[in-house]
Amino acid sequence: MRKIRFNESVVFDNTFFDGTCGKATTPVNTGDFSVVQAVDSRYFQRLAIEDHHQWFDIELTAVIDGDIDHFVDGTKCTLHKGECALTFRDEVHALASRNTCRFLAIALDVSDTSPYFSFIAKLKAKYRKQKFSKTHDFLKIIQTAIREFYIFDAYTPMYLNALLGEALILLLREENALPKSPEPRQEPGDLLAVATGYMDTHAEELITVREVADFVNLSYSTFFRLFKSCYGISPVAYLTELKICRARDLLASTALSVTDIAERLGYSSPYNFSRAFRKKTGVSPTAWKRAQPHADS
């Protein structure tokens, strides 16, 4: 992907296949999969990818920032931060956004001799023409796969195979999101499912759990009691876990200072952030960052 200037839209090249006929030119073959596109792209001001034919078995689109209108055979759904959608072979796909956005996309074929081949029909039955939310850990797997696609060394095919296999399994497993949601027919369970989804996708900007209680129109005391009764942990502990998980990712993958990360995650001071981080991990943020082999200098 070429470098960009501020306010310039990113245009990614289809380096690994011919977009006019769908012929894979230089795919990355992993054994179970043939990976033909991997994109981590930010668009400034406007995104417009017109209708195009889906040549390959599966394409995943995941929004990291902003909002994107996702079209499949003319059916539109708007993806928000943390939400994903799948498209499948022979569908007509398009993306559009009026604002700055960042999204991930990975497209692949599945070998007809692979044990994952049967997943295609199951995924299509479950996810066709609808969006879904996934945890930070799932999106991290996709980001790692995309980075690996462009690093490419002797270990890439084996590592990509493992990452993509894990991603497909997570897409099919109902229990992949922790904690497990209550029965959907119960109204409190419905509200808690909405609340945990909101926390998963807005962990960075949330300051207090009371904001989540307000979002699902429950009093703080009722929300706290229902959440702990259902999941076995308090909503405060759950939100803290999400924030520390995000902090570890920022420490490992960016050059942001501890002060910057504390501010970004809504902590009142670097001291409070460091104390929460040490309580969960046993080490300070600075020590944790130094221990990461790929931390930005």
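Heavy atoms only: backbone and side chains are in, while hydrogens, waters and symmetry mates are out. What you see is a predicted model; the values in this text were computed from it and never measured.
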Under 3.5 Å, sequence neighbours excluded: what are the donor-acceptor pairs made by side chains of residues 151-162?
residue : atom : partner : partner atom : Å
Asp153  : OD1  : Tyr155  : N            : 2.8
Asp153  : OD1  : Thr156  : N            : 3.2
Asp153  : OD1  : Thr156  : OG1          : 3.4
Thr156  : OG1  : Glu148  : OE2          : 2.7
Thr156  : OG1  : Asp153  : N            : 2.8
Asn161  : OD1  : Thr30   : OG1          : 2.6
Asn161  : OD1  : Asp32   : N            : 2.9
Asn161  : ND2  : Asp32   : OD2          : 2.8

*Chi angles and distances behind the side-chain contact (heavy atoms from CB on, under 4.5 Å) call for His53, Asp90*: CA-CA 6 Å; His53 194 76; Asp90 296 327; 3.5 Å; yes
*For side-chain hydrogen bond (donor to acceptor under 3.5 Å, both in side chains), just list the numbers for Ser257 and Thr259, CA-CA rounded to whole Å, side-chain angles, deciding distance to a tenth of an Å, and then say yes or no.*
CA-CA 5 Å; Ser257 68; Thr259 299; 4.6 Å; no
*Has Glu263 got more than 12 heavy atoms of other residues, nucleotides or ligands less than 6.0 Å from its CD?*
no
_Can you tell whether the side chains of Asp249 and Arg246 come within less than 4.0 Å, N to carboxylate O?_
yes
*Test item: Lys243 side-chain N/O and Ala203 main-chain N/O as donor-acceptor pair under 3.5 Å*: yes
*Minimum heavy-atom distance between Val36 and Pro27, given as atom pair plus value*: CG1-CB, 3.9 Å
*Kindly give the heavy-atom pair with the smallest separation between Leu139 and Leu104, and that separation in Å.*
O-CD1, 4.1 Å
*asked:* To check you understand the geometry: which heavy-atom pair defines the closest contact between Met199 and Pro235, and what is its length?
replied: CE-O, 3.4 Å
*asked:* Which heavy atom of Val110 sits nearest to which heavy atom of Asp57, and what is that distance?
replied: N-OD2, 2.8 Å
_Determine whether Phe224 and Val209 satisfy the following criterion, side-chain contact (heavy atoms from CB on, under 4.5 Å), listing intermediate values before the conclusion._
CA-CA 9 Å; Phe224 191 100; Val209 168; 5.7 Å; no
*With a 4.5 Å heavy-atom cut-off, do Arg275 and Tyr271 have their side chains touching?*
yes
*Cluster overlap Phe223 with Tyr238, hydrophobic side-chain contacts below 4.5 Å*: yes
*Is there side-chain contact between Asp137 and Cys245, with heavy atoms separated by less than 4.5 Å?*
yes
*Under 3.5 Å, side chain of Thr281 to main-chain N/O of Phe277, donor-acceptor pair present?*
yes
*Quick one: does Asp73's side chain have a donor or acceptor within less than 3.5 Å of a partner on Val92's backbone?*
yes
*Is the backbone N or O of Asn29 less than 3.5 Å from a side-chain atom of Ser34, with the two atoms forming a donor-acceptor pair by type?*
no
*Given side chains that start at C-beta, do those of Arg147 and Thr144 come closer than 4.5 Å, heavy atoms only?*
yes
*asked:* Is the shortest side-chain heavy-atom distance between Leu171 and Phe138 below 4.5 Å?
replied: yes
*Basic-acidic side-chain contact under 4.0 Å: Arg89, Asp109*: yes
*Looking only at heavy atoms, which two atoms of Glu83 and Thr78 are closest? And how far apart?*
OE1-O, 3.7 Å
_A side-chain contact here means heavy atoms from C-beta on lying under 4.5 Å apart; do Phe117 and Ser111 qualify?_
no
*Do Ile142 and Leu86 share a hydrophobic cluster, counting only Ile, Leu, Val, Met, Phe, Trp and Tyr and linking them when any side-chain heavy atoms are less than 4.5 Å apart?*
yes
*ring-ring contact (aromatic ring centres under 6.0 Å, His included) involving His80 - partner list, sequence neighbours excluded*: none
*For the pair Asp200 and Ser133, evaluate side-chain contact (heavy atoms from CB on, under 4.5 Å) and give the outcome as yes or no after the intermediate values.*
CA-CA 9 Å; Asp200 288 344; Ser133 295; over 6 Å; no
*What is the ring orientation for Phe273 with Tyr267, classed by angle as parallel under 30°, tilted 30 to 60°, or perpendicular over 60°?*
tilted
*Which heavy-atom pair separates Ser269 from Ala262 by the least distance, and what is that distance?*
O-CB, 4.1 Å
*More than 12 non-hydrogen atoms from neighbouring residues, nucleotides or ligands closer than 6.0 Å to NZ on Lys81, yes or no?*
yes
